[in-house]
Amino acid sequence: MKNILRLLAAAILVPSLATAQKPFASRAGEISFHSSTPIENIDAVNRKANSVFDATSGAIEFSVLIKGFEFEKALMQEHFNENYMESNTYPRSTFKGKMTGITDEQMTKPGKYEVNVQGDLTMHGVTKPVSSKGIVVVEGTTATATSTFTVVPEDFNIAIPGVVRGKIAERIEVKVRIPYTRL
Amino acid sequence: MNKRSFLLVAVVAIAVALVLGLRSFSAKVPQAEGRSADETTTAEALFTAFNSDEAAANARYNDKVVRVSGVVRSVQPEGDGRTTVTLETGDALGGVVCEFAAGADHGCTPGASVTLQGFCSGFNLDVLLQRCSAVPNAS
């Protein structure tokens, strides 16, 4: 999160930076995940992810509060935070990496661009490399980046008791949708 | 108590336990509307608390109904009918962000002094309050 702060502060507080060099940012990124098993489907969404994308270097970061994920059922939300993600100990999940396949100029030019995202995902105190393809759709002053990838809970030391293991998918689908605007 | 009465009481007790268990299992995530606040503060004080000592602020405010008063910085309608109201904190980057469900009457306009309450979810450049409601006629 400190890197996001530094990027945001630099863009806002250094007016000599040319407009084309200012990064793109979002504070309304949407991260959702879906787990499907024959016993139960589990869905949750967080609509307040923060992200910064520097199209010149390709550097991209995002940060999301674990307690910000919303479930339909209170018990699911409670188990997610207290038993699985231990959000009191690990309050945030972050991603730091690079998004390639789109230039700074293209980020403000209407169109649809295929991108690749690669970097380190940190969750529950564990950092793992992830990579996925994505799409950036530019309309007006907003460039919306979307991507889907999967995570295995056990890869991030998330222990799921045997008695409920059948209720949670072995691979969880994560969808990311981040509307960027130039700072 | 004879055997028949004991069985009757046992059946009733099990039925009650099942109903209560089913209710607990199916219960929706609670909204802040109508609840008494666990903590009452200003937007500036709340932001300062998280910005200066996040761990202490997490312990004090997270998962609690926090009633916060302040000046509205922005009101942002979201695509799905929800509204995000951001309160001024005196910080150029961060604010207190209050999420309102679709159809909720937040009654906020930029520049107005308001009192809102919601469940605190922590700090991520902004302090996040979710499932918020407006507190009318708060002094």
Side-chain angles (χ1 to χ4, degrees), chain A residues 1-13 25-32 40 44-52 61-82 85-94 142 144 167 177 179 181 183, chain B residues 20-32 35 50-51 53-64 66 73-86 91-102 118-132:
Chain A
M1 190 175 99
K2 287 183 181 175
N3 286 331
I4 290 180
L5 274 173
R6 279 198 284 269
L7 278 170
L8 281 173
I12 291 171
L13 301 175
S26 176
R27 293 163 95 140
E30 185 173 304
I31 315 281
S32 60
E40 193 168 31
V45 62
N46 185 316
R47 299 185 178 93
K48 286 287 176 279
N50 290 334
S51 181
V52 175
E61 290 188 37
F62 75 71
S63 172
V64 63
L65 276 174
I66 300 302
K67 284 187 188 289
F69 278 94
E70 297 176 284
F71 293 72
E72 187 182 352
K73 294 181 183 174
L75 206 58
M76 278 185 182
Q77 188 157 323
E78 182 183 320
H79 288 170
F80 173 77
N81 279 289
E82 293 182 11
M85 297 300 289
E86 299 182 272
S87 55
N88 287 336
T89 304
Y90 310 106
R92 270 180 296 276
S93 176
T94 60
T142 302
T144 302
K167 290 187 176 183
R177 180 184 177 280
T181 53
L183 280 173
Chain B
L20 290 176
L22 194 61
R23 274 190 182 174
S24 175
F25 179 77
S26 306
K28 304 274 187 193
V29 178
Q31 301 294 313
R35 289 179 173 253
F50 274 96
N51 204 29
D53 189 341
E54 185 181 348
N58 280 341
R60 180 173 178 180
Y61 294 109
N62 279 0
D63 301 321
K64 307 267 178 54
V66 178
R73 176 186 291 174
S74 66
V75 179
Q76 178 66 45
E78 309 292 351
D80 56 359
R82 291 175 304 112
T83 304
T84 297
V85 175
T86 302
D91 185 273
L93 283 178
V96 172
V97 170
C98 308
E99 286 189 329
F100 286 82
F119 285 89
C120 186
S121 295
F123 181 59
N124 196 28
L125 288 181
D126 305 301
V127 178
L128 178 61
L129 301 184
Q130 295 182 292
R131 307 188 298 283
C132 292

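Everything numeric here is computed off the predicted structure, so don't read it as measured data. Values reported hereafter were calculated over all heavy atoms of this structure, with side chains retained and with hydrogens, waters and symmetry mates removed.
A salt bridge does not link B:Arg131 with B:Glu99: none of the charged nitrogens is closer than 4.0 Å to a carboxylate oxygen. A salt bridge links B:Asp80 and A:Arg47; the closest N-O separation between the charged side-chain nitrogens and carboxylate oxygens is under 4.0 Å.
Atom CD of A:Glu72 has 12 or fewer neighbouring heavy atoms from other residues, nucleotides or ligands inside a 6.0 Å radius.
Within the model, atoms OG1 of B:Thr84 and CG of B:Asp126 stand 10.0 Å from one another, a figure rounded to the nearest 0.5 Å. Separating the CZ atom in A:Phe69 from the OG atom in A:Ser93 is a distance of 7.0 Å, to the nearest 0.5 Å.
Residues from residues 74-82 of chain A that place a non-hydrogen atom less than 4.5 Å from a non-hydrogen atom of chain B comprise A:Ala74, A:Leu75, A:Gln77, given in numerical order.
Looking at B:Gln76, there are no atoms closer than 4.5 Å to chain A (heavy atoms on both sides), in backbone or side chain.
Side-chain polar atoms of A:Lys48 and B:Ser121 form no donor-acceptor pair below 3.5 angstrom.
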